[in-house]
Undergrad: 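Structure in structure tokens, see below.
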Amino acid sequence: MCSMCFMTPCHPRCPNAPEPVVVRTCSRCADGIMEGEAYLDSDEGPICEECLSDMTVKEYLEYVGEKLATA
Ligand SMILES: [Zn+2]
Ligand SMILES: [Zn+2]
């Protein structure tokens with residue numbers, strides 16, 4: 001167990017915590033998506049959770065190539 005944060009593995013904010021590993025790059029904001037983070041694996045590329053929460057449903061549908069039908 002870590003002697004600074006008393007957690008196993010370390011709390012992400014602990015100075016002893018390992019550097020997060022960037023496994024993907026968000027295709028929308030170009031930010032790194034860290035190992036263990038959730039993201040959308042879209043046809044256009046990965047989208048980070050932060051971008052997803054910023055998108056409206058309409059934006060999201062357009063992004064994945066779907067359109068709302070007009071009734
Ligand atoms: Zn720690
Ligand atoms: Zn993003």
Side-chain angles (χ1 to χ4, degrees):
M1 187 169 70
C2 173
S3 58
M4 287 187 83
C5 65
F6 305 106
M7 283 171 80
T8 309
C10 277
H11 189 275
R13 306 190 86 117
C14 171
N16 281 344
E19 286 289 306
V21 181
V22 177
V23 285
R24 292 271 188 285
T25 304
C26 176
S27 59
R28 205 159 177 262
C29 68
D31 256 12
I33 298 167
M34 307 302 169
E35 192 173 17
E37 274 188 347
Y39 70 97
L40 176 77
D41 198 10
S42 79
D43 287 347
E44 303 292 320
I47 309 175
C48 73
E49 230 182 340
E50 208 169 306
C51 283
L52 282 176
S53 59
D54 280 353
M55 288 167 108
T56 64
V57 172
K58 210 176 159 198
E59 276 178 330
Y60 168 75
L61 288 174
E62 273 168 21
Y63 197 83
V64 296
E66 299 286 340
K67 268 193 290 211
L68 292 179
T70 307

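Numbering of ligands and ligand atoms starts at 1, following listing order. Residues: numbered from 1 along the sequence shown.
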Undergrad: About how large, to 10 degrees, is the angle SG of C14, then the Zn ion (ligand 1), then SG of C10?
TA: 110°
Undergrad: Rounded to the nearest 0.5 Å, how far apart are OG1 of T25 and CG of D31?
TA: 9.0 Å
Undergrad: Please find out if the Zn ion (ligand 1) and some N, O or S atom of C5 are separated by less than 2.8 Å.
TA: yes
Undergrad: Suppose you place the vertex at the Zn ion (ligand 2); what is the angle out to C29 SG and C48 SG, to 10°?
TA: 110°
Undergrad: Suppose you place the vertex at the Zn ion (ligand 2); what is the angle out to C26 SG and C51 SG, to 10°?
TA: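 For SG of C26 and SG of C51, the angle centred on the Zn ion (ligand 2) reads 110°.
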Undergrad: Are the side chains of V21 and M34 in contact, using a 4.5 Å heavy-atom criterion?
TA: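 Sidechains of V21 and M34: no contact.
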Undergrad: Just verifying a value: how many Å separate L68 CG and E62 CD, rounded to the nearest 0.5 Å?
TA: 8.0 Å
Undergrad: With no hydrogens and no angle check, do the side chains of S27 and Y39 hold a donor and an acceptor under 3.5 Å apart?
TA: no
